[in-house]
Each structure stands twice: as structure tokens, then as C-alpha cells.
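No hydrogens, no waters, no symmetry mates; every other heavy atom, side chains included, goes into these values. We count ligands from 1, going down the list as the structure has it; atoms in each ligand are counted the same way. Small disclaimer: the values here were computed from a predicted structure and weren't measured.
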Amino acid sequence: MDLQYFLCWRVAPLFFLMPCGLQSMSVHILSEQPVHVIPGSRLVLKARIELGPLEEVSMVTWEREPETGIAPVRVRLATCAGRSLKCAGTRPTVDVNTEQQETTLQINRYSREDGGVYAVTVTDHTGATTTAHCIVREYEAVHHVSVSINVSHSSLVCGEAWGTDPSFSWLYERAAITTTVGKISNDGTTLVVTMTPICGHFTCMVSNKLGYNTATYTAAPCEGRGTTAAVVCLVLLLLVAGVLAFLLWRKHRHNNRGERLHEHLDDTI
Ligand SMILES: *[C@@H]1O[C@H](CO)[C@@H](O)[C@H](O)[C@H]1NC(C)=O
């Protein structure tokens with residue numbers, strides 16, 4: 001009597017309090033989205049399956065459809081079913097492995113056509129389903145790097161077209177940017193130039209896993225200490241040459257007069 005009372009009034013409400021624990025099958029893809037894949041490399045998508053205590057997975061399917069398009073066609077990539085959740089891929093590059101808590105889809109030698117929205121659907125023993133989605137795109141190289149000047153703000157802005165995860169850096173006359181030249185914004189795309197006047201070559205370098213590309217902004221040539229020093233040197237050289245020429249000329253004249261004096265003496269003797 002006591003036990004029955006306990007079950008009815010103490011345990012039963014717990015089931016109402018934890019409906020999630022019973023009917024809570026869910027599936028999550030364990031990747032940061034969108035997933036970018038370098039063509040020719042391997043795409044791996046892992047999904048975690050959460051099950052209630054009385055639930056059991058009876059089937060897992062992986063599908064893909066294009067990210068855009070008027071009537072996207074959904075393609076089945078693999079199905080896992082049966083007591084041991086044995087998997088079968090629909091094409092040679094697809095490998096799938098499923099256990100009760102986890103399912104992994106692997107596409108070897110990823111190509112552009114493998115991009116799209118991937119869907120993993122889990123069916124439990126009662127036929128209920130739950131689905132998770134994941135966007136997969138090709139990892140793109142850096143394209144069309146350009147540098148433009150914002151005259152009103154004395155800044156240079158670096159742009160890039162559609163590369164994946166571009167990272168920006170700057171060089172001045174092929175060396176790192178110092179505080180006397182300018183300050184780079186946190187995202188790296190803008191260089192606020194502090195040197196005045198702005199002169200010389202500013203290069204923006206954009207890179208990602210596939211390589212890098214650069215663009216250079218060429219300002220007016222720098223008329224700095226270098227040029228002044230050259231002018232001073234030239235003036236000094238001309239002065240020295242002038243003095244030398246004068247000395248030579250004087251010596252020559254002196255010699256001539258000496259010879260004439262000699263001749264005169266010879267004549268009188
Ligand atoms: C120059 O930079 C400022 C501040 O970032 C911005 O508001 C302005 O629109 C820019 N001017 C041009 C011509 O891009």
C-alpha cells in the first residue's frame with residue numbers, strides 16, 4: 001500500500017516534470033557553420049544524437065540539396081538502418097558511420113558540386129523524426145585585392161572580393177608598418193596614415209589557407225632628407241671643383257710668368 005502510494009504520488013509527477021527526458025530525441029551537427037572545404041580535401045560532418053531513456057534510433061539518413069535555386073533537388077547520400085545501424089552510401093566518395101549517439105558523414109575528394117545544405121534525419125523506433133541542417137561551401141582563394149585612399153580621413157582602405165576568411169596586413173616600402181607611418185584598424189582593412197605628407201608605396205596583403213594576393217597604393221615620391229643630402233653633396237662637389245680649377249689656373253699662370261722672366265734674363269746675358 002505504501003509502495004503503491006509512493007509510486008503514484010511521488011514518482012509519477014516526475015515523468016510530467018521531465019517530458020524532455022522521455023520524448024526528447026534531437027540531433028545536432030558539431031561544426032561551426034558554414035563549413036568551408038578546400039576542393040580535393042575531405043569533408044567530415046559529425047552529428048550528435050540525443051535520446052531519451054526509452055528511445056532507440058532505427059534509421060539515419062544523410063541528404064543534400066542546393067543552397068539556392070527555384071526547385072532545389074534533394075539528393076540522398078546515405079542511409080543507415082537495421083539493428084546494428086549498418087550504413088550504405090549512394091556514391092563511391094561517401095562514407096557514413098552511425099552509432100546510437102553519433103553519426104559521421106565523410107566525403108572524400110570534395111568538389112564544387114558537393115556544396116549545399118546537408119540534412120541529417122534521425123528516425124526513432126516509433127517512427128518520429130528529427131532533422132539537423134548544415135551549410136557547406138567551397139573554400140575560396142583570395143580574389144581581386146585593391147587599395148583605395150580616403151583623402152578626407154588620410155586613410156587607405158583594402159578590399160577583397162570573395163575569398164574565405166581573408167586576413168589583412170600592410171607593408172610600407174616592403175617593411176612592417178611603424179607608428180610613424182600609420183595605424184592599422186582592428187579588422188586590418190584600414191590603415192590610418194599618420195605620416196605627412198603621404199608619400200611612397202603602401203602594400204596591402206590579403207591571405208587565407210590557399211595563399212595570398214597583394215595590391216599597392218603608390219603616393220607621390222618622398223622628397224625627404226635623401227634628396228636634400230644629394231643636393232648639398234652636389235653643391236659641395238661643384239665648389240671643390242671650382243676651387244681646384246682656380247688653383248690650377250693660378251699655378252699655370254705663375255709658371256708662365258717664371259718662364260718669361262727666365263727668357264728675359266737669358267736675353268740680357
Ligand atoms: C572616409 O572614411 C570615413 C570614416 O571611415 C567615412 O565616413 C567616409 O565615408 C569615407 N569616405 C569615402 C569617400 O570613402
Side-chain angles (χ1 to χ4, degrees), residues 28-45 64-72 110-119 132-234:
H28 305 281
I29 290 176
L30 308 174
S31 302
E32 212 172 289
Q33 295 196 46
V35 175
H36 286 104
V37 193
I38 296 173
S41 73
R42 179 187 295 166
L43 163 67
V44 179
L45 293 179
R64 182 192 66 223
E65 62 182 33
E67 212 181 316
T68 52
I70 302 160
Y110 178 92
S111 72
R112 180 161 296 185
E113 298 77 55
D114 292 319
V117 181
Y118 281 71
H133 295 96
C134 178
I135 295 172
V136 176
R137 293 178 186 150
E138 182 182 326
Y139 193 100
E140 301 266 7
V142 167
H143 280 92
H144 306 312
V145 177
S146 63
V147 180
S148 54
I149 187 161
N150 184 328
V151 179
S152 57
H153 288 76
S154 303
S155 61
L156 294 170
V157 180
C158 188
E160 189 276 335
W162 62 76
T164 305
D165 296 335
S167 127
F168 296 81
S169 57
W170 291 86
L171 296 172
Y172 178 65
E173 303 295 3
R174 300 195 197 159
I177 299 287
T178 57
T179 45
T180 50
V181 173
K183 193 173 174 297
I184 300 165
S185 66
N186 286 337
D187 66 357
T189 58
T190 305
L191 172 69
V192 178
V193 183
T194 46
M195 71 189 294
T196 47
I198 296 178
C199 67
H201 301 88
F202 297 85
T203 302
C204 171
M205 185 163 103
V206 186
S207 59
N208 70 6
K209 281 187 204 169
L210 289 179
Y212 70 90
N213 240 311
T214 63
T216 297
Y217 177 80
T218 305
C222 293
E223 299 192 13
R225 271 170 248 136
T227 329
T228 317
V231 169
V232 168
C233 270
L234 196 68

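Side-chain contact check for L43 versus Y118: some heavy-atom pair is nearer than 4.5 Å.
The backbone N or O of T179 sits less than 3.5 Å from a side-chain atom of T194, completing a donor-acceptor pair.
For atom 7 (O) of ligand 1, the closest non-hydrogen atom on the protein side is H153 CE1, 4.6 Å. In terms of protein heavy-atom proximity, atom 6 (C) of ligand 1 is nearest to N150 ND2, 4.0 Å.
For atom 9 (O) of ligand 1, the nearest protein heavy atom is 4.0 Å or more away. Contact annotation for atom 2 (O) of ligand 1: protein present (non-hydrogen atoms, distance under 4.0 Å). Atom 14 (O) of ligand 1 is flagged as protein-proximal [any protein heavy atom, distance under 4.0 Å].
The closest side-chain donor-acceptor pair between S167 and D165, if any, does not fall under 3.5 angstrom.
Between H144 and W162, the two ring planes are perpendicular [angle over 60°; tilted spans 30° to 60°]. Note: F202 and Y217 have tilted aromatic rings, judged against thresholds of 30 and 60 degrees for the angle between ring planes.
Not a single N or O atom of S155, backbone or side chain, sits closer than 3.5 Å to an N or O atom of ligand 1.
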